[in-house]
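Please read these numbers as outputs of a predicted model, since none were measured by experiment. Position 1 is the first residue of the sequence, and the numbers go up from there.
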Amino acid sequence: MTVPLREALKFWAKLGFISFGGPAGQIAVLHQELVEKRRWISERRFLHALNYCMLLPGPEAQQLVTYIGWLMHRTWGGVLAGTLFVIPSLFLLIGLSWVYLTFGQIPWIAAIFFGIKPAVTAIVLHAAVKIGKRTIHNQALRAIALISFLAIFVLNLAFPIIVLCAALIGIWGGKRYPEYFQQAGSHGKGNDNQYGAALIDDDTPTPDHAKFSTKRLILQGSVVILLWSIPFIALVLFFGWQTLYPQIAWFFTKAAFLTFGGAYAVLPYVYQGAVDQFHWLSAGQMMDGLALGEATPGPLIMVVAFVGYLAGHIQNLIGNTNPFWFGVLGACVTTWFTFLPSFFLVLVGGPLIESTHGKLSFTAPLTAISAAVVGVIANLGLFFAYHVFFPHGLGGSISWVSIVITVFAGLALFKFQKGVISVLTGSALAGLLSYLVASLLI
């Protein structure tokens, strides 16, 4: 018995609208729906796919959806599953980005975002702690995390350089001190007996389309290269190499291959490029975009669509043209070039890399990179805290309201284990309340 493609697509489309809670929440929903309820895949096969996706750069939840769709219904099943997981959040973020730029200066809306920024600071620091607990399990990895933090905090070293250095340390350390670069234990121990037989069970043979084939590798790799190069060349020919959209395409292609550790890992790189290098948006706008990304379904890395929309909209405010459509183009270009490598890694690289899964020579550099990412994310959280607590710089006044909201948001996340949506909602209400109180006192 197999699941009809139409039935599977209905579920993937539904998932795109209900997948709140970031990667952890999305993976939990996938496990509940696919392993426990529908029994499309067994616990062990699910965890095997998850462990593989955790090794890849990019959004692991979206890649897991693509992987299972590919395993069940070949290439088109994977493509459609991964796309349906992304599309709803793209449309939502385009609409929210337009509202943000159009109405964001209205006092009560600005007050809501004022309250959200401290929550984002707490969320990023919470993410650093969670990723750290998952990936850092010895002194060597703690040292890598600390050195990466100092490299970006003190030396302002570029994120790709930190990733490269961590990978080289992992390659060397995996050979000399393998005990320090072993991956942490499994993500869980399955007990499939409580769920019953699955359509793709533990002993189900790997389907032919998921086995390595040189011919298929060349064919699919060529298709992916064409899907990347044709729109990129079109953007260059239409707008010019040094213009916004080709720069977005090239920048987010590089970002897609550097996101080891999930969406939070790419944020420092996107921040360095979008805010410091290209000046597409401000630090405050970047924090607002992260909040919108947390509050919408789909992969958290979709915050890049907000960056792309703002870059296109703001750059084309001058003139008689409607900046909305330039923003839409920026969001679509960003999304295309961010997610295309994820499909490539699953559909093309999956059968090839599956044979190396669990081998230390392959996993050691990724383990070191994951440790380095923790230090980089911690730096991002402190950087956000600086901008929130000292909105006018060190010489200006301190925002005590922001500090209080950050503390309560941190308590909600760390002590009471509240969800991100609840924390963002509470912080937004706190920001609005502070605005109303200030208005009455004036």
Side-chain angles (χ1 to χ4, degrees), residues 53 56-59 62-63 65-67 69-70 74-87 89-90 93-94 158-160 163-164 209 212-260 263 265-266 269-270 272-274 277-278 280 299 301-312 315-316 325-353:
C53 294
L56 299 175
Q62 186 266 348
Q63 289 169 336
V65 167
T66 304
Y67 188 102
W70 164 68
R74 308 177 69 88
T75 300
W76 273 111
V79 169
L80 293 172
T83 301
L84 289 172
F85 188 66
V86 170
I87 288 296
S89 58
L90 173 61
L93 275 172
I94 287 175
F159 183 64
V163 170
L164 177 61
H209 69 269
F212 175 72
S213 165
T214 303
K215 182 180 178 181
R216 188 183 299 117
L217 175 67
I218 295 172
L219 176 62
Q220 294 183 331
S222 300
V223 170
V224 170
I225 291 171
L226 286 174
L227 291 174
W228 184 91
S229 58
I230 290 174
F232 184 79
I233 293 171
L235 290 172
V236 172
L237 292 176
F238 193 82
F239 294 101
W241 166 243
Q242 293 296 329
T243 57
L244 174 67
Y245 299 107
Q247 287 180 339
I248 287 177
W250 181 244
F251 175 76
F252 283 101
T253 296
K254 292 185 294 182
F257 286 102
L258 292 170
T259 56
F260 293 98
V266 78
Y269 180 66
V270 172
Q272 281 186 331
Q277 181 182 353
F278 295 108
W280 291 333
I301 201 175
M302 282 302 295
V303 67
V304 300
F306 174 86
V307 174
Y309 181 91
L310 260 64
Q315 182 162 309
N316 291 279
W325 295 111
F326 289 99
V328 171
L329 178 59
C332 291
V333 169
T334 300
T335 303
W336 180 267
F337 287 95
T338 298
F339 282 93
L340 186 61
S342 290
F343 287 103
F344 170 81
L345 291 169
V346 172
L347 300 177
V348 178
L352 178 65
I353 301 178

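Residues satisfying the ring-ring contact (aromatic ring centres under 6.0 Å, His included) criterion with Phe85, sequence neighbours excluded, are absent altogether. Every residue meeting the side chain to side chain contact (heavy atoms under 4.5 Å, CB included) condition with Phe344, not counting sequence neighbours, appears here in chain and number order: Val224, Val348. Here Ala255 pairs with Phe252, Val266, Tyr269 under the side chain to side chain contact (heavy atoms under 4.5 Å, CB included) rule; sequence neighbours left out. In terms of the side-chain hydrogen bond (donor to acceptor under 3.5 Å, both in side chains) criterion, Ser89 has no residue partners (sequence neighbours excluded). Ser342 pairs by the side chain to side chain contact (heavy atoms under 4.5 Å, CB included) definition with Pro59, Gln62, Gln63, not counting sequence neighbours. For Ala81, the side chain to side chain contact (heavy atoms under 4.5 Å, CB included) partners at least two apart in sequence or on another chain are Trp12, Val65.
Between the CG atom in Leu340 and the OG1 atom in Thr335 there is a gap of 12.0 Å [rounded to 0.5 Å]. Interatomic distance, Leu80 CG to Trp70 CH2, rounded to the nearest 0.5 Å: 15.5 Å.
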- Query: side-chain contact (heavy atoms from CB on, under 4.5 Å) between Phe339 and Ile301: does it pass, once the steps are laid out?
  - Reply: CA-CA 9 Å; Phe339 282 93; Ile301 201 175; 3.4 Å; yes

- Item | Worked verdict on Thr334 versus Tyr309 for side-chain contact (heavy atoms from CB on, under 4.5 Å) | CA-CA 8 Å; Thr334 300; Tyr309 181 91; over 6 Å; no

- Query: Taking it one step at a time, do Lys254 and Phe337 satisfy side-chain contact (heavy atoms from CB on, under 4.5 Å)?
  - Reply: CA-CA 9 Å; Lys254 292 185 294 182; Phe337 287 95; over 6 Å; no

- Query: Can you check side-chain contact (heavy atoms from CB on, under 4.5 Å) on Phe326 and Gln315, steps first, answer last?
  - Reply: CA-CA 8 Å; Phe326 289 99; Gln315 182 162 309; over 6 Å; no

Please report, to 0.1 Å, the donor-acceptor pairs under 3.5 Å made by any side chain of residues 213-220, with sequence neighbours excluded.
from: Ser213; atom 1: OG; to: Arg216; atom 2: N; distance (Å): 3.3
from: Arg216; atom 1: NH1; to: Lys211; atom 2: O; distance (Å): 2.9
from: Gln220; atom 1: NE2; to: Thr75; atom 2: OG1; distance (Å): 2.8

Pairs of donor and acceptor atoms involving the side chains of residues 226-244, under 3.5 Å and at least two apart or interchain, shall be tabulated with distances.
from: Trp228; atom 1: NE1; to: Thr253; atom 2: OG1; distance (Å): 2.9
from: Ser229; atom 1: OG; to: Ile225; atom 2: O; distance (Å): 2.8
from: Thr243; atom 1: OG1; to: Phe239; atom 2: O; distance (Å): 3.4
from: Thr243; atom 1: OG1; to: Gly240; atom 2: O; distance (Å): 2.5

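Of all non-hydrogen atoms in Tyr67 and Cys53, the two that sit nearest each other are CB-SG, 4.2 Å. Residues Ile248 and Ala311 come closest through the heavy atom pair CD1-CB, 4.2 Å. Closest heavy-atom contact between Val86 and Pro299: CG2-CG, 4.2 Å. In terms of heavy-atom proximity, Ala331 sits nearest to Leu90 at O-CD1, 4.1 Å. Contact between Tyr245 and Val333 at its shortest, heavy atoms only, is O-CG1, 3.9 Å. Taking every heavy atom of both residues into account, Trp280 and Val307 meet most closely at CE3-CG1, 4.2 Å.
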